[in-house]
Amino acid sequence: MLAKDENIRHHHHHKKGKRKIWKYVVGFLILFFAVDAVILFKMYNDAKQAVDVTYKKVKHDSGRDNDANIKNGKPFSILLLGTDTGEYGRTYKGRSDTIMVAVVNPKTETTTLASIPRDTKVSIPGHGFNNKINAAYAYDGVSGAMNTVQSYLNVPIDHYIEMNMGGLVQLSSALGPIKVNNDLDFTNMDTHFPKGEVKIDKDNILAFTRMRYEDPRGDYGRQKRQREVLAGLVKKITTVNGVMKYQDILSALSSNMKTDITFDQMKTIASKYRQADNVKQLQLQGNGKMIDGVSYEVVPKANSDKVSQQLRRALELK
């Protein structure tokens with residue numbers, strides 16, 4: 001009888017101990033998810049505030065319902081502008097040093113990225129026929145650049161992202177080093193870059209992305225390096241390490257970037273377009289030509305038509 005009572009008491013204490021353990025476990029899980037929710041809420045608010053700061057609507061008509069296209073997960077285009085404001089302490093407006101058109105297509109899971117030489121000869125309404133395409137930004141800001149690129153390529157430009165070169169350094173500082181493939185051995189700004197895989201960080205990112213005079217391809221070689229760095233930075237942002245540094249990243253972007261993409265659109269893009277990470281690179285190729293003492297890149301119509309057709313195909317347009 002004593003043994004039986006002892007077993008009952010032991011069983012009772014054992015059940016009580018198990019319940020106590022479960023109380024600790026449940027309490028820990030509640031605390032964990034509560035803290036996690038607070039962190040996520042803070043990240044959400046920080047991101048929203050940063051995006052609200054970067055948002056700047058411009059006067060431009062692509063002829064498309066851009067908001068509906070993103071909501072429905074359809075392909076859309078972005079004009080990417082890298083301006084020389086903020087580089088080497090510059091504070092004036094400057095010209096668009098880097099010009100790219102990106103088309104994001106979630107159906108094919110591909111982002112088509114086309115580089116446009118900044119010296120490409122174009123006609124800019126109100127400013128004559130002999131103009132460099134990067135002058136459109138100097139004349140009429142982002143709106144002028146969007147309208148000029150859209151007219152030149154016959155490709156609707158839905159949105160834009162503008163970042164100054166100073167922001168590139170800050171973003172690199174926030175993310176840390178990235179590795180890119182370098183196809184040319186060169187030295188720029190007292191920094192040597194051997195051929196092959198090289199490490200790019202805040203100290204050498206401008207030296208790598210800005211060099212063109214030592215490159216036999218000139219600005220085309222520079223554009224290729226810029227595409228490599230852009231792809232590397234985007235990839236780094238999506239890593240766990242990149243997410244952990246979200247405050248530094250948001251700070252760099254909010255201080256140096258402008259876009260007409262809203263926070264709600266960014267959330268939709270993050271959920272519906274994140275698989276479009278297969279990057280297809282295109283290059284608008286021209287020939288150097290002096291006109292009235294000014295050097296231009298004159299792109300043959302056959303080449304511009306080819307790039308235009310590929311971008312329109314990526315947008316699923318005829």
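All residue numbers in this chain count up from 1 along the given sequence.
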Nearest-0.5 Å distance, [atom1] of residue [X] to [atom2] of residue [Y]:
X: D260; Y: I161; atom1: CG; atom2: CD1; answer: 8.5 Å
X: I99; Y: L284; atom1: CD1; atom2: CG; answer: 10.0 Å
X: N134; Y: D119; atom1: CG; atom2: CG; answer: 6.0 Å
X: S143; Y: H60; atom1: OG; atom2: NE2; answer: 8.0 Å
X: Q283; Y: M100; atom1: CD; atom2: CE; answer: 9.0 Å
X: T98; Y: N164; atom1: OG1; atom2: CG; answer: 11.5 Å

Do V155 and L282 belong to the same hydrophobic cluster, where Ile, Leu, Val, Met, Phe, Trp and Tyr are linked whenever their side-chain heavy atoms lie under 4.5 Å apart, directly or via other members?
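Yes, it is one cluster - the side chains of V155 and L282 are joined through contacts under 4.5 Å.
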Review point. Given the rule that I, L, V, M, F, W and Y join up when any side-chain heavy atoms are under 4.5 Å apart, are L153 and Y137 in one cluster?
Key: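 Cluster IDs for L153 and Y137 match.
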(request) Carefully, step by step, assess I133 and E297 under the rule side chain to side chain contact (heavy atoms under 4.5 Å, CB included). (result) CA-CA 10 Å; I133 199 166; E297 283 296 310; over 6 Å; no
Donor-acceptor pair, side chain of [X] and main chain of [Y], under 3.5 angstrom:
X: T187; Y: H192; answer: no
X: K272; Y: K71; answer: yes
X: Q226; Y: T209; answer: yes
X: S173; Y: V169; answer: no
X: Q150; Y: P156; answer: no
X: D158; Y: I78; answer: no
X: E109; Y: P106; answer: no
X: T120; Y: P117; answer: yes

State whether a side-chain donor-acceptor pair under 3.5 Å links N182 with E197.
->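 No.
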Any side-chain heavy-atom pair from [X] and [Y] closer than 4.5 angstrom?
X: S151; Y: N147; answer: no
X: V103; Y: S77; answer: yes
X: M163; Y: L81; answer: no
X: K280; Y: Q310; answer: yes
X: V299; Y: Y152; answer: yes
X: N130; Y: V294; answer: no
X: F208; Y: V198; answer: yes
X: E162; Y: T259; answer: no

Y273 ring center near F76 ring center (under 6.0 Å):
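Yes, close enough.
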Residue pair [X] / [Y]: nearest heavy atoms and the distance that separates them:
X: A314; Y: N105; answer: O-ND2, 2.8 Å
X: N287; Y: P300; answer: ND2-CG, 4.0 Å
X: D215; Y: R225; answer: OD2-NH1, 2.7 Å
X: T148; Y: S123; answer: CG2-O, 4.5 Å
X: M189; Y: A207; answer: SD-CA, 3.6 Å
X: R118; Y: K132; answer: O-CB, 3.8 Å

Intermediate values then yes/no, side chain to side chain donor-acceptor pair (under 3.5 Å), T268 and D264:
CA-CA 6 Å; T268 303; D264 286 340; over 6 Å; no
Item to complete: Could you check whether the rings of H127 and Y139 sit parallel, tilted or perpendicular, using 30° and 60° as the cut-offs?
Response: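 H127 and Y139: parallel rings.
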Could you walk me through whether Q309 and D305 pass side chain to side chain donor-acceptor pair (under 3.5 Å), step by step? CA-CA 6 Å; Q309 288 167 8; D305 285 348; 5.5 Å; no
Please determine whether the number of non-hydrogen atoms from other residues, nucleotides or ligands lying under 6.0 Å from atom NZ of K74 exceeds 12.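 Counting other residues, nucleotides and ligands, NZ of K74 stays at 12 neighbours or fewer.
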>> Are more than 12 heavy atoms, taken from residues, nucleotides or ligands other than D190, located less than 6.0 Å from that residue's CG atom?
In response: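 Open.
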Using the rule given for side chain to side chain contact (heavy atoms under 4.5 Å, CB included), can you reason through L80 versus L230, listing the C-alpha separation, both sets of side-chain angles and the distance that settles it, and then say yes or no?
CA-CA 11 Å; L80 305 174; L230 178 62; 4.0 Å; yes
Requested in this report: Determine the sole option in E214, K224, M211 for which the side chain to side chain contact (heavy atoms under 4.5 Å, CB included) test with L184 is passed.
Outcome: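 Single side chain to side chain contact (heavy atoms under 4.5 Å, CB included) partner of L184 among E214, K224, M211: M211.
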**Message:** Test side chain to side chain donor-acceptor pair (under 3.5 Å) on K121 and N131; report intermediate values, then the result.
**Reply:** CA-CA 6 Å; K121 181 181 176 298; N131 262 296; over 6 Å; no
* Asked: Hey, does the Lys NZ or Arg CZ of R212 hover above the aromatic six-ring of Y220, less than 6.0 Å from the centre and inside 45° of the axis?
  ->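 So R212 doesn't make the cation-pi contact.
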Handout entry: side chain to side chain contact (heavy atoms under 4.5 Å, CB included) evaluation trace for N204 with F193
Key = CA-CA 9 Å; N204 64 15; F193 298 95; 3.8 Å; yes
ask   = When you look at I70 and N72, which way does the side chain to side chain contact (heavy atoms under 4.5 Å, CB included) test go after all the steps?
value = CA-CA 5 Å; I70 288 179; N72 295 324; over 6 Å; no
